[in-house]
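Notes follow the structure.
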Amino acid sequence: MESQKLFQEFEAISSKEWKQKIQFELKGADYNETLVWESLEGIKVKPFYHADEFETNTQVNTQVTQFKIVQNIFVHDVTKSNKKALDSLQRGAESIRFTIENESVIIKDLMQNLPLDNNHYFFYLPFLSIDFVNQINDFATKNKANFSIQIDPIGHLVKEGNWFTNLDTDFNTLNQIVAKTNLPFLNLQTHIYQNAGANIIQQLAYTLAHANEYFNRINWSVESNSKITITIEVAVGTHYFFEIAKLRALRLLFEILAKEYHPNIECHILATPTKRNKTLYDYNVNMLRTTTECMSAILGGADSVANLAYDALYHKDNEFGDRISRNQLLVLKNESYFDKVNNPADGAYYIETITEQLAEKALQLFKDIEANGGFITQLIEGTIQRKIKESATKEQELFDSGKEILLGTNKYPNKNDRMKDDLELFPFVKTHSRKTLITPIIEKRLAEKLEQERLAQEE
């Protein structure tokens, strides 16, 4: 039986006809002023996108069916961390990301009885040690484990203002690690740019420039056929479609850049909801924010997604918050079927157009950074910090004026809400004097000033 096309009896409507209809309905109001808005990145968003205005199809390979649910665990006590990891895996987590604070941890003890088949383990190290990397590598080799080490001296410089030791020593250590391990070991902590207030174009360009410093300074063997995987930690914001486009643009740009250096470099995108829009008051709204942000991360093609607990601002790690955040991802995966289709954004004219515009603008900014000495040079000069501060200030002004809305905080606040006695953590920027090579890039939430004022008013 010959198949029939649906709706073939209807005539196609051109974009010109749609625009004429819209202008008629506006009854004299200006089309551009009324319906076209401009994002913080300078991208003008139209009210509709049509096939006859769509020139290119931006191909981005997003293996959404393969995304993994990650549980973050800070290793304060090896026995408790091991128990928590096992419990998390039994309750639906598919990957564990350990943050190991010091070299005293014994990997064999940390991994005791943890299942190695079909589970991926990340080890984020806020220190630089060849011996500790060797310990992880030896365990992985002996047990055929799927491990990724996360080391980022440039990210440490960005966050702390100093290298682990100094530029030359840190990169010499990285090159020694290259020669001694086959595990993925390089990590780009690019989430800090979003959490500090950088716009999406800056986030993409700084990620490329961050990666390019490693490409220029690490001696990977070009003759080797083995894959080199670099983990990119990304913070996902609240602008749903723009964040989907951001991750697609990131993968596209990274692949273009990496191929200039090595044929087998790939990225593993580890996405986490941003802290920038999270609030202390009416904190349950944070669950709605993180849900949509995780949706953007999945549809944008993140390889792994680690959710942020709704109470992460003011509560220490706790079983309830971890379970709720993990269950949000389980619902998206197992009940909302977000893992059933690869490349779900393909053919969406709006998303593909934004992807292309973000990629083009980010590539232009990246080229400007490289033409002016590169990422590390611009960090030392303070250019990157200044640009992020300018972007953050624009967004802060929108929040302060009520144009950027956080429900329950600067819109419809509950005046009876009290938080002063519930603070286990200090949810505001901490400052302390120390000697640094550069001015650190500091993460800051939009609601901090308003929340501090409210806390001061509490009886």
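Residue numbers run from 1 in the order of the sequence given.
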Classify the ring geometry of F242 against Y350: parallel below 30°, tilted from 30° to 60°, perpendicular beyond 60°. perpendicular
Going by the angle between their ring planes, with limits at 30° and 60°, are W220 and F185 parallel, tilted or perpendicular?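 Ring orientation, 0 to 90° scale: tilted.
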Evaluation steps, side chain to side chain contact (heavy atoms under 4.5 Å, CB included), between V133 and F123: CA-CA 10 Å; V133 169; F123 298 86; over 6 Å; no
Would you list the pairs meeting side-chain hydrogen bond (donor to acceptor under 3.5 Å, both in side chains) in which at least one residue belongs to residues 121-134, sequence neighbours left out?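 Only E103-S129, Y124-Q189 qualify under side-chain hydrogen bond (donor to acceptor under 3.5 Å, both in side chains).
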Hey, does [Y] have a side-chain heavy atom less than 4.5 Å from the side chain of [X]?
| X | Y | value |
| --- | --- | --- |
| H262 | I228 | yes |
| V305 | I298 | yes |
| N212 | Y261 | yes |
| N61 | N343 | yes |
| D117 | P115 | no |
| W163 | F171 | yes |
| Y412 | I405 | no |
| T393 | E397 | yes |

Side chains of K246 and Q203 only: does a donor on one sit below 3.5 Å from an acceptor on the other? yes
E293 and N277: side chain donor to acceptor below 3.5 Å: yes
List the atom of [X], the atom of [Y], and the distance in Å for their closest heavy-atom pair.
| X | Y | result |
| --- | --- | --- |
| F132 | V105 | CE1-O, 3.3 Å |
| C294 | P273 | SG-CG, 3.9 Å |
| I265 | I230 | CG2-CD1, 4.0 Å |
| I100 | L110 | CD1-CD2, 4.1 Å |
| K46 | V36 | CA-CG2, 4.5 Å |
| S391 | N199 | OG-N, 3.2 Å |

In sequence, state the C-alpha distance, the side-chain angles, and the governing distance for Y283 and D422, and then conclude on side chain to side chain contact (heavy atoms under 4.5 Å, CB included). CA-CA 12 Å; Y283 49 78; D422 294 326; 5.7 Å; no
Rounded to the nearest 0.5 Å, how far does [atom2] of [Y] lie from [atom1] of [X]?
| X | Y | atom1 | atom2 | result |
| --- | --- | --- | --- | --- |
| L128 | L174 | CG | CG | 6.0 Å |
| N187 | L270 | CG | CG | 8.0 Å |
| F98 | L114 | CZ | CG | 5.5 Å |
| R326 | Q71 | CZ | CD | 5.0 Å |
| N146 | H120 | CG | NE2 | 4.5 Å |
| E448 | E443 | CD | CD | 10.0 Å |

Could I get the full list of side chain to side chain contact (heavy atoms under 4.5 Å, CB included) partners for [X], not counting sequence neighbours?
| X | answer |
| --- | --- |
| L35 | I22, L26, Y31, P47 |
| D303 | R251, H268, I269 |
| E319 | R91, R323 |
| T165 | T169, D170 |

Mind checking what makes side-chain hydrogen bond (donor to acceptor under 3.5 Å, both in side chains) contact with [X], not counting sequence neighbours?
| X | answer |
| --- | --- |
| R289 | T279, N286 |
| Q194 | T274 |
| D109 | none |
| R445 | E451 |

Ring pair (Phe, Tyr, Trp, His ring centres under 6.0 Å) against Y206, all qualifying residues, sequence neighbours excluded: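 Listed in chain order: Y193.
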Quick one: do D322 and K84 make a salt bridge, cutoff under 4.0 Å? yes
R454 bridged to E458 by N-O distance under 4.0 Å: no
Given the rule in the side chain to side chain contact (heavy atoms under 4.5 Å, CB included) test, do R276 and F399 qualify, once you have shown the distances and angles that lead to the verdict? CA-CA 12 Å; R276 187 156 172 78; F399 174 81; over 6 Å; no
Is Y337 atom OH crowded by more than 12 heavy atoms from other residues, nucleotides or ligands, each under 6.0 Å away? no
Step through it carefully: locate the ring centre of Y349, locate the ring centre of Y49, and say whether they are under 6.0 Å apart. no
For residues 66-89, which residue pairs qualify under ring-ring contact (aromatic ring centres under 6.0 Å, His included), counting only residues two or more places apart or in two chains?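 Not a single pair qualifies under ring-ring contact (aromatic ring centres under 6.0 Å, His included).
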In short, salt bridge (charged side-chain N to carboxylate O under 4.0 Å, His left out) pairs touching residues 332-347 with sequence neighbours left out are E94-K333, R248-D346
